[in-house]
Structure formats: structure tokens, C-alpha cells
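A short write-up of the structure that comes next.
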Number of protein chains: 2
Amino acid sequence: MANMLDVAKLADVSPATVSRVLTNPDIVSDHTKDKVLKAIEELNYKPNVLARNLRKMENKNILVILPDITNTFFSQVLRGIDQVASENGYRVLLADTKDELDLEHEYLTYLDLKIADAAIMLTSRNVEAIEELARKHQIVLACEYIKDSQLPMVSIDNIKSAYKATKHLIDLGHQKIAHISGPMDIILNKDRFEGYKKALLEANLKFNRDWVKEGEYTVDSGYSEMEKLLQLSAPPTAVFASNDEMAIGAIKAIKNSNMKVPDDIAVVGFDDIKWASIYEPALTTIFQPTFEIGKKAMSILLKLIKEEKEDFQLERKVYEGELVVRKTCGAKNNRD
Amino acid sequence: MANMLDVAKLADVSPATVSRVLTNPDIVSDHTKDKVLKAIEELNYKPNVLARNLRKMENKNILVILPDITNTFFSQVLRGIDQVASENGYRVLLADTKDELDLEHEYLTYLDLKIADAAIMLTSRNVEAIEELARKHQIVLACEYIKDSQLPMVSIDNIKSAYKATKHLIDLGHQKIAHISGPMDIILNKDRFEGYKKALLEANLKFNRDWVKEGEYTVDSGYSEMEKLLQLSAPPTAVFASNDEMAIGAIKAIKNSNMKVPDDIAVVGFDDIKWASIYEPALTTIFQPTFEIGKKAMSILLKLIKEEKEDFQLERKVYEGELVVRKTCGAKNNRD
DNA sequence: TTGTAGGCGTTATCAT
DNA sequence: ATGATAACGCCTACAA
């Protein structure tokens, strides 16, 4: 395969000029540019990105570390990242941790190895490792974040959103509201739990520890946690689940007990994944602007890369989660 | 950041030896190895992959071109690819075409530019471009394939699978079976249509052009095509859809017409995506071994990379699609 | 506007 | 078993 020197010879110019035609055409005279372009064409020359990478000490790859590529929630974020990345000549290097801590750790080493120029983390469990790395590399956290950290971050206000979800149930007249949380080692779920409690407190409803169950983000876990809730001597009349999968699992458990949603028990989810509106009954849930989050995360990352700036405290964006009312919540009359 | 020369100096050896310790430790004596390792440790040296890439003229990136990252069907394939890739020191460079032909084309240029070493195509519309590229690069087609092409390929037998799906409906007593196809410019959908016709023919059922509608793979398109089917003077009693999304859209349309699935109309989907079993009624569909397909595609690609072989005609694998019977098909009594 | 030349950090070849 | 040296192909001062 022809290289730059071959092109230079054929066009009777120096390699430097060929390089200029490729990366900075404006500073080359039209005449030489034509010659070079012709030679490029004739030799079917393609620049060798590997060489360019070494020379420029960058490879335009953005590492995106995410916990589960199977989750459509993340694929929307990915789309947002990808869009802004492409527009700016960057590419996405996919790193699916499958929720394995070790993998997250391994992917993180890509930065030092220069396998990627910078990273967006959609999961962030290795807190110390990330903070350490962020001193030398550009890293943006999205969706998930690190408590008490000043790292650049994009997410929604989980506390407030969970509050909204719970408040919605309270406004509908529910007094016995359960919560199926996600794994509590993830800060998001702590926040959502907190928002739930806050709404309860504000409405002077008693907080019942029995009504809080910890699930694993899956339909199955939503199902089994709901089953436990139903077996309580005083079962709840409404449930707020920390994600849509678990909410749907809960609905299935309710149906399976010959009860109806929303007539007997109301359910609210979280995330508004694609299938939340397709499932029947269509799920009332909290919409996260996933595409926007992805775009914003990548935009911030670009800014960091360009400016090499240290004071990224300001590079944070918190969106509002929006309550999307569909069919899984009904009014509760006060008979019981 | 320290480089190999720094390490060499500190350890008092040549750079070549440091390189050997890193890539071929066995041929270095224990004593020198220790020295080098200690120096690496002390300097916190990390090899520069950019330099290695140039020198070896490869970057261990596998380009995976897929039509829609939002589709969980593909994310399972991705997982399979990723697993085998990781095990062999390769990484996945994600290329989501969003079904845009231009983007597919652009991503394909990555091969010549050496942005990726080889590619797996989960979509293949640019037929000539791909065949052309495959002469110089290693490319494996997965799921989708190219008609009359000898390129390495992994997929299921779509004709046979569609035949199975349709046959299932016939065996249940259905005689008026409609088909909602996917976009007909995709060979998969032609195949599935063919399997459908074959089953009809074999059972001496008449093929009715009015009962075949072309959808766009989405829930919404399944819904609207089904609505058209329901408005027919002689509506079908069963529908075979070319993917699960459309099947679910069809079910929604049926429900919306105050009819029941499977009592009034039976539905079969295709793919067995995650949500096929979660949706209610749980969808009867064709299971594709997506994870296996991904693994196999990557395995074949590795073989091609290693052997640089030309005769990849043999590198093809066709899996069986499996009918998964759930709740959307019922027996049709012969009253009507 | 264009050319010259050095070097990015590694690995492979050839000696020793 | 180890060292010296020459690439890999490109970009970018600096010089002309």
C-alpha cells in the first residue's frame, strides 16, 4: 500500500506538502494541491492512521464504560455520545463491564496505555481508581456519579425525581407506598430511596421498613420482591420501583396474585425505557433525557480535551427527570 | 511519562530487552527480568500502545458495524463478539449505522485507514463495497448476509425458521395466515417471506397477496400493518411477523379491535428478543442463538486474521432457528 | 508557499 | 541471552 512518500514522489513535492494537503489544505497553493490530489487518487493512497496516532500521541478513541449493553437505557445514552463524538472526529470504544468490577478496572487501564484518549463512565464503582486516573486523563461521569466527588458529571436529579414519583402516588391518595430499590451499593438507588422517603415524610406518612425491598434491576427480581410485599399482613397499595424492569416485574407479580394494576395496586417505574410504553398496562415512570445526557457528556469531554482544563468543577449538568403518567397508577379511595 | 528507554537505562539493559520482558518474557533470564520489572514498577511505566500499533501495523480493534444499537437483539450478538474478542486481546470498535447507508459506507473506510484491523458486519447493504473490501481485509458477515456471496458468514437458516413458524400456525389449524414482513430490501426478510410461502404451498393453502404487508421492524409499523389486515373483507386468523417488535405491534392492533390473542387471531414473531417473553401475552417466536452467533463470528474472524487465508468459503456457519411456543398461538377450530 | 529533517516509542533483525 | 540499530509512516518546527 502506497505511503505518503510515494505520493510525494509521484506529485513531485515533499512529503510535508502531501501531509499539508491532507490536514491543512488551505495553506497549499491550488496548483500543488491539484498535483497531490491527483497522485493520491492515482495511487489510491490512504493515510495511515496508526502512524498519525503515534505522531500526535492520540487516537481519537473515546472509551465508554457501561455496565450493561443489553439495557436499552444505555444504548440511548450511547447514541447521544456517538453523535457528538462523530461530529468531532472521535470514535467510541465500547467497554461493557457486565457489572463486573474487575472488568471496569481493566478497561480503566486503557487510558494509561493510550488505547483511548479519554473516557465516559456510565458506571463508576472503582471510586478511588477513577479519581486517581482523572488527574492525568479526561473523564466524565454520566448517569451514575461519585459521591462527594468534583469530577465532571452529567445526570438527572435522582432524589427529586424519586420524590416526584412518590409524590404522584401520594397525590392519588395512596398511603401505603412500597419501594423496590435497585442495588444499594449504587448511589443512584440510595438517592432514589431518599427521594421516596422525603416524599413520605413531607406527607406525614409513616415510613415502614417492611415496605422497602432491594431488587437487582431485573424483571425477575422485581417480580420476587413484589411477591414478598404481597405476602405482608399489611401489603402496600402502591409501589415505586427504582427502574422500569423491576416495575414491570412487580406488575407481573400483582397480576399473578389476581389483582389488578392500577385498580388494586399502583406502580411507578423509573427511566422510561423504550418498553415502558409498549408493555401493557403502559408504565407510569420517570423519563430521563438519555440522549441528551449522552450528548452533554461527550460535549463536556470534548471541552476538557481541548482545554486540558483542571477546573472541571463547573463541568456538571443535572437534568430534571420528568414524570410520565401512563396507565399504572389510579386514584386510591380512602375506604381502606 | 516514562518510556521504554527510561526503563532500559534504569535497569541497565537495552530497550530491546525491556520489550522482550513485556512481550516474550520466557526468553529473558530471570535475573534481568527482575531488574527490568523493578524498573518498570519504579517508574510506573506503561507501554505506549500507539507506538506498538505503528510498529506492528495493527491495533487490535475489531470494527463491528450494526444497524441499530438500540435493538437488544444486536446487543446479545455484541456480547458474544466481545467475549471472544477480549479473550484474544482484541477490542470492539462500535459502529452504529442507524440504518443509514452512508454511515455504513463511512465506517467501512476504517479498514483501509487502519482504524480497525478487521470487521464484523451485522448489516450489509453496501454489497459491492463490502465484497471489494473483503479482498484486502478480513470481514465476517453475521445475521445479515449477501446473496450469492462467498464471504464468511454466520446466521440462522431464515427460510427454514420462517417455515417452522408458519407451519406451527398451519398445524394449529389456521388456513388464513398473514405475513408482516420487514423491509424487503433486506435479504433476511425475503428469506422469511419465502419460508412463509413454502409452508403455505406445502399445505396447499392459497397464497393471498393481500395478506402480506411490509413493515419497518418497529412496533408502530406492526400495529399499522395489522390494522390494514383487520380491515380486509377476509381478514386472516393468524399472523407471522418478521420480527418480535412488529409482532407485538400487531397484537396491540388486534387487542385494540376488541379481539383477543390467541383466541381470535394467533401471532408468531421472530428473533426472541428479551421482551418477547416479558410482554403479555408472552410471544411465540423463533429463537436465534444470538450470543452464539456473535461468538462464532468473532472466532471465524480470528481464524482469518491469523491464517490470512483466502479460501474462506468454508468459514460459514448456519444455525437452526428454534420455535419457542408461548402464549400467542391457539388452535383454530374449523367453524369458519 | 514549500522543503528538510528529526523524532514519536516500539519491535524486529542481525550481531555478539 | 542480550545489545545495537533500523525501520514503521506521519507531522511539525524550522529553514529557505
Side-chain angles (χ1 to χ4, degrees), chain A residues 1-40 43-61 89 109-117 136, chain B residues 1-40 43-61 89 109-117 136:
Chain A
M1 196 123 176
N3 65 17
M4 198 170 266
L5 188 61
D6 298 328
V7 176
K9 280 179 189 158
L10 184 62
D12 195 29
V13 297
S14 75
T17 300
V18 179
S19 175
R20 283 189 272 258
V21 170
L22 257 33
T23 57
N24 208 356
D26 297 339
I27 64 167
V28 180
S29 76
D30 286 351
H31 177 63
T32 24
K33 204 186 317 186
D34 280 354
K35 281 198 301 182
V36 171
L37 257 14
K38 219 163 280 170
I40 287 177
L43 294 173
N44 189 29
Y45 165 76
K46 313 279 180 199
N48 185 321
V49 173
L50 262 23
R52 176 183 297 168
N53 289 347
L54 172 59
R55 183 54 235 248
K56 304 187 76 159
M57 220 43 109
E58 66 172 18
N59 64 185
K60 297 278 181 182
N61 286 163
T109 66
Y110 283 14
L111 257 11
D112 272 341
L113 296 172
K114 302 204 193 301
I115 288 171
D117 293 348
K136 287 183 299 185
Chain B
M1 197 126 175
N3 65 16
M4 197 172 265
L5 189 60
D6 298 327
V7 175
K9 279 178 189 160
L10 183 63
D12 196 29
V13 297
S14 76
T17 300
V18 178
S19 176
R20 282 189 273 258
V21 170
L22 257 33
T23 57
N24 208 357
D26 297 338
I27 65 167
V28 179
S29 76
D30 285 352
H31 177 64
T32 25
K33 205 186 317 187
D34 279 354
K35 282 198 302 182
V36 171
L37 257 15
K38 218 163 282 170
I40 287 177
L43 294 173
N44 189 28
Y45 165 76
K46 312 280 179 199
N48 185 322
V49 172
L50 262 21
R52 176 182 297 167
N53 289 347
L54 173 59
R55 188 53 238 243
K56 306 187 80 158
M57 219 43 108
E58 66 171 19
N59 64 184
K60 297 278 183 183
N61 287 163
T109 66
Y110 284 14
L111 257 13
D112 272 341
L113 295 173
K114 301 203 192 305
I115 289 171
D117 293 348
K136 288 183 298 184

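Labels below follow one simple rule: chain letters A, B, ... track the order of the sequence lines, proteins then strands, and each chain is numbered from 1.
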B/N3 side chain N/O closer than 4.0 Å to the phosphate oxygens (OP1, OP2) of C/dG9?
-> yes
Does C/dT1 have OP1 or OP2 sitting under 4.0 Å from an N or O in the side chain of A/T32?
-> no
Where the side chain of A/M57 is concerned, which of C/dC8, C/dG3, D/dC10 is the nearest nucleotide?
-> C/dC8
Under 4.0 Å: is that the gap between some side-chain N or O of B/S29 and OP1 or OP2 of D/dT2?
-> yes
Counting any heavy atom closer than 4.0 Å, what does B/M4 reach on the DNA or RNA strands: base, sugar-phosphate only, or nothing?
-> base
Using a cut-off of 4.0 Å on non-hydrogen atoms, how would the nucleic acid contact of B/V13 be classed: base, sugar-phosphate, or nothing?
-> sugar-phosphate
For A/P47, report the nucleic acid contact type (base, sugar-phosphate, nothing); a contact means any heavy atom under 4.0 Å.
-> sugar-phosphate
A/K33 to A/V21 - nearest heavy-atom pair and separation = CG-CG1, 4.1 Å
Could you tell me the separation between the CZ atom of B/R20 and the P atom of D/dA1, rounded to a whole number of Å?
-> 10 Å
Check every strand shown and say whether B/V49 touches a base, only sugar-phosphate, or nothing at a heavy-atom separation below 4.0 Å.
-> nothing
The residue, B/A51 or B/A16, whose nearest nucleotide of DNA chain C is more 5′ is B/A51
Which nucleotide in the set D/dC10, D/dT12, D/dG3 lies at the smallest distance from any side-chain heavy atom of A/K56?
-> D/dT12
Is any side-chain nitrogen or oxygen of A/S14 closer than 4.0 Å to OP1 or OP2 of C/dT4?
-> no
Base of C/dT11 paired with side chain of B/R55 (donor-acceptor, under 3.5 Å) | yes
List for me each residue that meets salt bridge (charged side-chain N to carboxylate O under 4.0 Å, His left out) alongside A/D26, sequence neighbours excluded, and say none if there are none.
-> none
Atom of A/K114, atom of A/N59 and distance for their closest heavy-atom approach = O-OD1, 3.4 Å
For the student: nearest non-hydrogen atoms of B/L22 and B/P47, plus distance | CD2-CB, 4.1 Å
